[in-house]
Peer 1: 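I am attaching a structure below and will ask some questions about it afterwards.
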Amino acid sequence: MARIRTFVAIAIPNDVRDRTVRLIDKLSDTTDSVRWVDPENLHVTVKFLGDVDDTEIYQVCRSVADATSQHASFVANCESLGAFPKLEKPRTVWLGVHDEQDQLISLFQSVDESLKKSMGFPLEVKQIRPHLTLGRLRYGRKDTAELTEQIKSLAEYQAGAVPVDELIIFASELTRQGPVYNVLGRAALG
């Protein structure tokens, strides 16, 4: 029985990807302390599941589809640059994803609850903050002052609209060149 590193995500359209790549290009001029996400791998993670038995992938897809069937399609906006855990000591640089009526938060919670109910995955304990991860700081790097200032100056960055009409279940294979994602399944909203 094989184990597959699995997560559930929202894909982003090409125009949002292009604007996000331009943002990463601006930010990358400030420091070499960040490992930036490959443009092809930009996505909004809904739920990271970790290693899942290959025999359980069908049930993961079924559980996600059960959750998405309860939600109508909507549009979210990719905007507002920030960093975790805090701007002054960034470890992860991100671009927020928001919608007017918290439909995104509701969708995240539905997926979380469906996977808990059907498969026993633990519920998220952290506050849900939908985002695109742009890059992660390399361990022990301290030269982040210029990056922090650039993030502050671009805090209101607008990358565009993200149609949320399906969730994708991905396999993530870690390689020396970075992660490689493969689609395991899709679950349409509505």
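Residue numbers count from 1 along this sequence.
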Peer 1: Are side-chain heavy atoms of Leu81 and Leu134 found at a separation under 4.5 Å?
Peer 2: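 Answer yes - side chains close enough.
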Peer 1: To which residues is Trp94 joined in a hydrophobic cluster, defined by side-chain heavy-atom contacts under 4.5 Å among Ile, Leu, Val, Met, Phe, Trp and Tyr, whether direct or through other members?
Peer 2: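 Members besides Trp94, by chain and number: Phe84.
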Peer 1: Do the side chain of Thr92 and the main chain of Arg136 share a donor and acceptor less than 3.5 angstrom apart?
Peer 2: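 Pair absent, no side-chain N/O of Thr92 close to backbone of Arg136.
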Peer 1: Could you give all pairs that pass the salt bridge (Lys or Arg N to Asp or Glu O under 4.0 Å) test and reach residues 161-187, with sequence neighbours left out?
Peer 2: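 Every salt bridge (Lys or Arg N to Asp or Glu O under 4.0 Å) pair that includes a residue of residues 161-187, provided the two are not neighbours, is Glu166-Arg186.
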Peer 1: What pairs of residues pass the salt bridge (Lys or Arg N to Asp or Glu O under 4.0 Å) test when at least one of them lies in residues 40-51, not counting sequence neighbours?
Peer 2: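 The answer is Lys47-Asp112, Lys47-Glu124.
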Peer 1: Can you find a heavy atom in the side chain of Pro163 that is under 4.5 Å from one in the side chain of Ser73?
Peer 2: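 No, too far: nothing below the 4.5 Å cut-off.
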Peer 1: Could you tell me which non-hydrogen atom of Gln150 sits nearest to which non-hydrogen atom of Lys26, and how far apart they are?
Peer 2: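 Heavy-atom minimum between the residues: NE2-O, 3.5 Å.
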Peer 1: Write down the atom of Ala83, the atom of Ile151, and the distance for their closest heavy-atom approach.
Peer 2: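 That closest heavy-atom pairing would be CB-CD1, 4.4 Å.
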Peer 1: Can you check whether Asp66 reaches Ser118 side chain to side chain, under 4.5 Å on heavy atoms?
Peer 2: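 They are not in contact (no side-chain heavy atoms under 4.5 Å apart), so the answer is no.
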Peer 1: Determine, stepwise, if the pair Val44 / Val164 fulfils side chain to side chain contact (heavy atoms under 4.5 Å, CB included).
Peer 2: CA-CA 10 Å; Val44 180; Val164 182; over 6 Å; no
Peer 1: Residues two or more places apart in sequence or in another chain: which of them pass side chain to side chain contact (heavy atoms under 4.5 Å, CB included) with Asp18?
Peer 2: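 Counting only residues at least two positions away or on another chain, Asp18 forms a side chain to side chain contact (heavy atoms under 4.5 Å, CB included) with Arg22.
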Peer 1: Check whether any side-chain heavy atom of Val8 sits under 4.5 Å from a side-chain heavy atom of Thr45, and report yes or no.
Peer 2: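 No, every pair of side-chain atoms sits at 4.5 Å or beyond.
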Peer 1: With side chains defined as the heavy atoms from C-beta onward, is the minimum distance between Thr148 and Pro90 less than 4.5 Å?
Peer 2: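 In contact.
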Peer 1: Answer yes or no: is there a donor N or O on one side and an acceptor on the other, between the side chain of Tyr157 and the main chain of Cys78, under 3.5 Å?
Peer 2: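 Between the backbone of Cys78 and the side chain of Tyr157 there is no qualifying donor-acceptor contact (under 3.5 Å).
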Peer 1: On a heavy-atom basis, which atom in Leu42 and which in Thr133 lie closest, and how many Å separate them?
Peer 2: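 For Leu42 and Thr133, the tightest heavy-atom pair comes out as CD2-O, 3.6 Å.
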Peer 1: Do Ser153 and Glu149 have a side chain donor and acceptor closer than 3.5 Å?
Peer 2: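 There is no such pair (donor and acceptor under 3.5 Å, judged by atom type) between the side chains of Ser153 and Glu149.
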Peer 1: Which ILVMFWY residues are connected to Tyr181, directly or by a chain of links, through side-chain heavy atoms under 4.5 Å apart?
Peer 2: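 Tyr181 clusters with Phe7, Phe48, Ile168, Phe170, Val183.
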Peer 1: Where do Asp99 and Leu104 come nearest, in terms of heavy atoms and distance?
Peer 2: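 Closest approach of Asp99 to Leu104: OD1-N, 2.9 Å.
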Peer 1: Check the pair Arg3, Asp53 against salt bridge (Lys or Arg N to Asp or Glu O under 4.0 Å), reporting the backbone distance first and the verdict last.
Peer 2: CA-CA 4 Å; Arg3 308 261 308 153; Asp53 288 341; 2.6 Å; yes
Peer 1: Determine yes or no for a side-chain-to-main-chain donor-acceptor pair under 3.5 angstrom, with Thr144 supplying the side chain and Leu147 the backbone.
Peer 2: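 No, the answer is negative, given that no donor and acceptor are paired below the 3.5 Å cut-off.
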Peer 1: Got a sec, which residues hit ring-ring contact (aromatic ring centres under 6.0 Å, His included) with Tyr58, two or more places apart in sequence or on another chain?
Peer 2: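 None.
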